[in-house]
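Notes to accompany the following structure.
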Amino acid sequence: MATPITAMFSTSLQILLFPLYGHLPAYSQWLAKFRAEIDVLHAQRSPALRTRDANRAADPQWYARANMIGYCAYTDRFAGTLDGVRARIPHLSESGVTYLHLLPFLKARAGENDGGFAVTDFEQVEPRLGTIADLEALISDLHASNISICVDLVLNHVADDHAWALQAKAGDAHAQGFFRLFPDRLLPDQFEKTVASVFPETAPGNFTWNKAMQRWVWTTFNPYQWDLNYENPEVFSEMALTMLRLANRGIDIFRLDSTPFLWKALNTTCLNLPQTHQLLQAFRCVLEHAAPATVLKSEAIVPAAQAVVYFGDPARGEKECHLAYHSALMASAWAAIAEQDTSLLRMVAAQTPAHGADNAWVTYVRCHDDIVWSVLRPQIEAQGLDFNVRMKPIADFFAGIGLLSFAQGAPFQSSDPDRVHGSNGMTASLVGFELASPDPRRRYAPDRLQLLYALMFSFGGIPLIYMGDEIAQTNACDPATQALITEDGRWLQRPLWQAGVRADAATLAGVGLRALAQARAANSDLDAFALRTLVPEAIAPCADGLFAFYRGTKTLCVFNFSDHERTLDLAKTAPQVRFKNALTDAIVDSTLMLTPWSFAWLQSTTPIQKK
Ligand code: GLC
């Protein structure tokens, strides 16, 4: 007889899946088979993972505590193989890292594969990187070091040499049902009217002609990444079971790749559709039942008002992803670096929507992709400004254009001079590390790197370090990567870890991410949940490059995004409060002096009366 919990799970799953698939004639048989397969995988969960499930059930916000610091790396670029990553665990622990996001390491398409995001087989590790046994050994060592592991679950597409694609190409009608195929241009042309291109220059349009099938295939990203057809329930069940099999190997966090694209409908942008959210809630429901120690992170690089929807609406009892990237915060912080003005950053912070009690933002400075500027479109258009005109000087700055620019980045998919798409480059290169030492614009490069990380470590969320930023590594410059950059400019920020890093002890000490991690872990005001209140602009003027907020009851965080020394009258901010600097323990006078491109995390001894 079913236990009440199992019965509740079945009901919740039905409620989520019926609106998507209930009209299909074989719905009930499909659901019964899927339920049985979930039960088999649930029963196979190891005793160690069951203990993990129970411990985390007792501490449901485990993934968002003040000591949670993520690190994102490619296996091969960071350490060669999965075994190499194991050998680097001490480096991660010393940097204060408690969760490791390893970019795709499952078997990928031969040849071009979008850095592993074109998966050929979800059940195998990419042979260059190791084996399933190596993965299990790595996970076991990470767990023993209190580091959780996050992997990409590429939900939207598979490689064109995945078994489903091969069978489809061979004419198998069942496999063809896994993809979105069209015999002619009638529907593709209609979709193209409202659907944007992700890579407008290297992979324009959203459809690719396949000669073997004599069909147009939906390919949102590259022509070799075939979008899955989630109108077919088997696609959902196969991907959900894939997720559970990985969870049973000990995966703690799934980064759900390209979440906005899952469902498509005519006359829409095919982004963030309600059915996509419904599907994600169904993935969550399955995971909570069969592998509850595991959490979901949505990769939706969209404005904050849309990103927040990926948490689910707690008022309606919805549970979707636990975590979501705050890419607007990231892009607006870079805008503040270029402009020495924090207006956009302040706007994004002020408009960051509230979220449910068990959700947290992922706050980050850089990642393996470009800085996508369109996430700031709402803030720019709300001021009546043209997006491209407003963003062009910022994108140019990061391409090194202009006398004042200290950045050595490159534009991405933006050869049309009137359009702004993205910017590439490692953090260190974008903040000035590549300039020669006597150049005055180089002087504050370490301060700028630390300033950006200090913001992301204190804003409220789970901070993520991108591989190499902890050692101020600059853009990829080895010949093999140059060839990859020619194909896809994002390889600029995918250097071989440590290759080319200068042995400049002062520089490395200046970066000091470990000190930030330690100070953060010691102060629960800086965790993902404590309340954040912006300090009024009159006290921290944006035009001066100042930005400040209170966290929790006793912490004030102040940032100076400018080349100038700035002062802040703490008496005006929080009268009668005595502060100490959380990193140095120094007592701070009522006038806080900030050197160029610096920050201060101040802790009061008594609760702050906010102004
Ligand atoms: C995500 C990844 C990106 C990849 C895309 C397609 O956005 O971060 O690198 O190109 O998905 O899989």
Side-chain angles (χ1 to χ4, degrees), residues 70 72-77 101-109 111-120 122 126 150-162 165 179 195-206 208 217-228 230 239 242 253-262 270-272 276 280 296-302 306-307 310 321 323-327 330-331 362 364-375 412-413 421-426 464 466-467 476 481 484-485 487-494:
C72 172
Y74 283 99
T75 299
D76 52 352
R77 307 254 120 198
H101 168 205
L102 275 188
L103 284 150
F105 53 75
L106 296 178
K107 185 159 194 270
R109 179 183 189 270
E112 266 187 87
N113 58 35
D114 191 12
F117 281 100
V119 179
T120 298
F122 292 100
E126 167 62 32
C150 168
V151 304
D152 283 279
L153 186 61
V154 186
L155 289 181
N156 180 66
H157 44 265
V158 293
D160 62 358
D161 62 357
H162 184 284
F179 301 101
V195 181
S197 279
V198 179
F199 301 134
E201 289 175 5
T202 50
N206 288 281
T208 302
V217 186
W218 196 307
T219 54
T220 298
F221 293 89
N222 291 296
Y224 52 81
Q225 288 165 302
W226 287 20
D227 285 43
L228 290 167
Y230 278 90
M239 293 309 291
T242 297
I253 301 167
F254 285 108
R255 174 185 181 272
L256 300 182
D257 181 64
S258 337
T259 44
F261 300 88
L262 301 187
C270 294
L271 282 174
N272 312 310
T276 292
L280 293 170
L296 297 179
K297 173 167 71 163
S298 137
E299 192 246 350
I301 307 306
V302 292
Q306 285 149 26
Y310 287 86
C321 296
L323 309 172
Y325 286 89
H326 198 335
S327 48
M330 182 272 295
V362 173
Y364 63 118
V365 174
R366 281 299 285 118
C367 70
H368 66 290
D369 287 328
D370 52 314
I371 303 171
V372 177
W373 297 113
S374 60
V375 294
F412 183 55
Q413 309 276 327
H421 192 90
S423 295
N424 286 320
M426 286 292 283
L464 207 56
Y466 182 58
M467 63 168 194
T481 314
L484 292 166
I485 295 171
E487 275 166 21
D488 181 338
R490 292 174 299 168
W491 286 90
L492 196 60
Q493 56 264 8
R494 299 169 186 177

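Predicted model, so just to flag it, every value in this text is computed and none were measured. Order of appearance sets the numbers: ligands from 1, and atoms from 1 within every ligand.
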How far is atom 1 (C) of ligand 1 from its nearest protein heavy atom, and which residue and atom is that?
Asp257 OD1, 2.7 Å
Under 4.0 Å from any heavy atom of His157, which atoms of ligand 1 are there?
6 (C), 12 (O)
Can you list the atoms of ligand 1 that are under 4.0 Å from a heavy atom of Arg490?
3 (C), 4 (C), 9 (O), 10 (O)
Is the Phe117-Phe221 ring centre distance short of 6.0 angstrom?
no
Identify, by atom number and element, the atoms of ligand 1 in contact range of Phe221, meaning under 4.0 Å from any of its heavy atoms.
5 (C), 6 (C)
Do me a favour and list the nearest non-hydrogen protein atom to atom 7 (O) of ligand 1 with residue, atom name and distance?
Glu299 OE2, 2.9 Å
Any donor-acceptor pair under 3.5 Å linking the side-chain atoms of Asp370 with those of His421?
no
Parallel under 30°, tilted from 30 to 60°, perpendicular over 60°: which one fits the rings of Trp491 and Tyr74?
parallel
Hey, which atoms in ligand 1 end up nearer than 4.0 Å to a heavy atom of Arg255?
2 (C), 8 (O)
Can you list the steps and then say if Gln225 with Thr220 is a side-chain hydrogen bond (donor to acceptor under 3.5 Å, both in side chains)?
CA-CA 8 Å; Gln225 288 165 302; Thr220 298; over 6 Å; no
Close approach of Ser258 to ligand 1, heavy atoms, under 4.0 angstrom
yes
Should the pair Arg490-Asp114 be classified as a salt bridge under the 4.0 Å nitrogen-to-oxygen rule?
yes
In ligand 1, which numbered atoms sit nearer than 4.0 Å to a non-hydrogen atom of Asp369?
2 (C), 3 (C), 7 (O), 8 (O), 9 (O)
For atom 4 (C) of ligand 1, what is the nearest protein heavy atom, given as residue, atom name and distance?
Asp114 OD2, 3.3 Å
